[in-house]
Amino acid sequence: MEQKQALAAAISQKTGMNQSEILDWIEIPPNPDLGDYAFPCFRLAKALRKAPPVIAAELKESVALPAGICRAEVTGGYLNFFEDKSSFAEGILNKILSEGEKYGSGSLGGGRNVCIDYSSINIAKPFHIGHLSSTAIGNSLYRIYGFLGYTPVGINHLGDWGTQFGKMIVAYKMWGNQALVEKESVRGLVKLYVRFHDEAETHPELNDEARAWFRKIELGDPEALALFNWFKEITMKEVFNVYDLLGVKFDSYAGESFYEDKMAPVVEKMREKGILKEDQGAQIVDLSEYDMPPCIILRSDGATLYATRDVATAIYRKNTYDFAKSLYVVAYQQNLHFRQLFKVLELMGYDWVKDCEHVNFGMVSMEEGTLSTRHGNVVYLEDVLKAAMEKTLEIIKEKSPDLENKEDAAKAVGVGAVIWGVLYNSRIKDITFSWSKALNFDGETGPYVQYTHARCCSVLKKAGGYDRSLVDASLLTDAASMAVIKAMGGFPEAVRAAAEKNEPYLVARAVMDVASTTNKFYYDNRIMDDDPAVRSARLALTDAARTVIKTGLYLLGLQAPERM
RNA sequence: GCGCCUGUAGCUCAGCAGGAUAGAGCAACGGCCUUCUAAGCCGUAGGUCCAGGGUUCGAAUCCCUGCGGGCGUGCCA
């Protein structure tokens with residue numbers, strides 16, 4: 001990075017062009033044989049009235065090479081610069097070995113809060129694979145922001161309010177019983193929910209009963225409240241098992257019910273601002289001049305809606321956490337909703353709405369079609385994680401029969417495979433869930449990266465340490481070693497970009513780059529070389545790779561077992 | 001209908017603030033374990049970058065049009 005700056009300065013001096021513009025032009029050649037940095041001369045051709053190769057040749061003669069750049073070469077219209085390999089390798093290696101697992105971290109955040117709304121499960125509904133994206137992306141962002149010096153606030157905005165709880169009570173009272181629900185837990189509740197919808201098809205009066213029961217919850221009727229809280233308890237207990245498996249934590253579980261008494265003042269404020277108006281009996285904020293349908297704040301029967309609650313939630317979060325950023329990790333299905341929400345906040349005069357962002361992601365479906373609780377077309381996340389762990393355990397038994405605590409490793413790797421699957425691609429891509437893909441551990445997968453880490457650990461352990469003062473980076477200038485060094489050198493920038501774009505996959509790709517180059521290095525070079533100097537240098541590189549991979553896995557929410 | 005997103009190898013995807021022969025993985029085929037974990041490494045094969053225009057010295061990348069797919073489109077969340 002600094003070298004790029006220095007190069008830009010040197011070129012700018014000779015061409016008289018703006019230095020930051022030159023910096024923009026400098027690129028990394030597609031092939032390391034061509035050089036480490038390239039300056040394309042095409043754009044200068046018009047102004048200088050010369051052919052690009054001629055310009056490149058002239059620059060080659062006149063530009064003073066900054067420290068660390070050992071030579072320049074003309075290839076076509078490009079002037080390519082070559083880095084001094086050993087000083088480059090030494091720089092990266094020293095930085096990683098001295099910073100350890102802090103390598104790539106920063107103080108960008110200055111301790112400021114970042115609210116991250118993710119996972120946000122519904123009570124009495126299955127915790128299924130459709131919730132994995134939000135959970136995994138949010139958790140990763142939580143760690144990435146923390147790593148960059150922010151104080152992340154993880155919020156699980158529980159779906160714990162609404163007429164569906166009236167339906168649950170009706171269904172429970174008609175067809176359920178305590179023993180059954182305790183035995184079958186959420187799945188038992190879901191069965192009741194599905195049955196309710198089936199029966200309501202032919203007996204619509206059930207819906208009236210459901211509304212009446214929900215009304216009782218609102219009014220604090222003891223029986224209704226007791227059942228409601230019980231459903232919530234059962235769900236949370238089961239959901240915590242999954243969060244434990246995933247290694248996911250939250251700082252707040254303030255959900256829909258929490259905001260029930262916080263909406264009235266917000267509606268009042270909208271009225272004061274004069275942005276609320278009646279339309280077809282409902283209270284709306286007209287957004288037609290922003291090319292959006294109106295945002296409905298109060299239904300014609302006076303009830304609040306999703307949007308009402310989200311406005312109140314956003315304001316509450318600002319007042320409570322004074323966030324520097326407030327992220328909503330929610331599927332792109334709700335794009336319009338968030339555009340409306342942010343616009344309403346803006347119209348209310350909250351300038352901090354600029355710090356709110358909808359971190360959207362693609363839909364999860366199954367090969368058979370859309371996920372649907374009501375039609376029983378669901379795959380429970382817990383089942384996927386368990387299957388992954390079981391398969392992993394089988395592989396470990398086969399490949400590492402001596403390994404102690406096989407279950408721990410199986411958990412780390414099995415769960416890691418599932419999480420990796422949703423974090424390796426950009427958020428916006430839709431995902432069609434398939435068991436064979438979820439349970440594939442070959443190639444660009446979490447287990448591959450974890451495996452690389454375990455191999456590094458294993459070699460370092462066998463070596464029993466190395467003397468850092470003996471490390472001579474000039475022994476690491478072969479192509480395979482340099483590829484690892486370069487990959488590791490790019491890691492910090494990838495972390496920053498991931499935060500800036502709220503895209504964990506950028507970290508995943510960077511870690512994969514380190515892992516795959518490390519595997520190649522491992523194959524090409526015998527680390528435990530007879531020559532002590534060579535051995536130390538390679539052990540240092542292995543140590544650095546191990547460190548960066550571990551950090552990368554952590555930032556994605558994966559464990560880095562030392563053996564597997 | 002309108003709006004947003006998306007279309008790159010058989011499949012899943014990188015690459016898209018324009019640049020040098022379009023990259024990975026999976027699947028297929030062929031090699032490599034008496035050397036540090038073969039969940040690995042190497043090789044072969046596989047592409048009109050949806051189509052057509054335009055801008056540019058240069059377009060997978062930017063603009064326009066069309067086509068395919070997804071999502072959304074006022075009282076669910």
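A, B, ... follow the sequence lines: proteins, then strands. Residue 1 opens every chain.
A 4.5 Å side-chain heavy-atom check between Ile527(A) and Leu539(A) finds at least one atom pair inside the cut-off.
For Arg455(A) and C36(B), the shortest distance from a side-chain N or O to OP1 or OP2 is not below 4.0 Å. OP1 or OP2 of G72(B) has at least one side-chain nitrogen or oxygen of Gln333(A) nearer than 4.0 Å.
No cation-pi contact links Lys167(A) to Phe196(A), judged by a cut-off of 6.0 Å to the six-membered ring centre and 45° from its axis.
Residues Thr452(A) and Lys520(A) each lie close to RNA chain B; by heavy-atom proximity, the contact nearer the 5' end of the strand is made by Thr452(A). Taking for each of Gln283(A) and Asn122(A) the nucleotide of RNA chain B with the nearest heavy atom, the 5'-most of the two is the partner of Gln283(A).
Side-chain atoms of Asn80(A) come within donor-acceptor range of the base of A20(B), with a qualifying N/O pair under 3.5 Å.
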A correct 5'-to-3' footprint of nucleotides 56-61 of chain B, with B, S and - meaning base, sugar-phosphate only and no protein heavy atom under 4.0 Å, is -B----
Per-nt protein contacts along nucleotides 3-11 of chain B (heavy atom under 4.0 Å; B base, S backbone sugar-phosphate only, - none) come out as --SSS----
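Nearest to the side-chain atoms of Met528(A) among the listed nucleotides G40(B), C36(B), C13(B) stands C36(B). Side-chain proximity of Ile284(A) to the nucleotides G40(B), U37(B), G74(B) is greatest for G74(B).
Ile396(A) comes within contact range of at least one nucleobase, with a heavy-atom separation under 4.0 Å. Using a 4.0 Å heavy-atom distance criterion, Ala45(A) is classed as making no nucleic acid contact. At the heavy-atom level, Leu305(A) lies under 4.0 Å from the strands shown only through sugar-phosphate atoms.
Separating the C1' atom of U55(B) from that of C64(B) is a span of 11 Å, rounded to the nearest Å.
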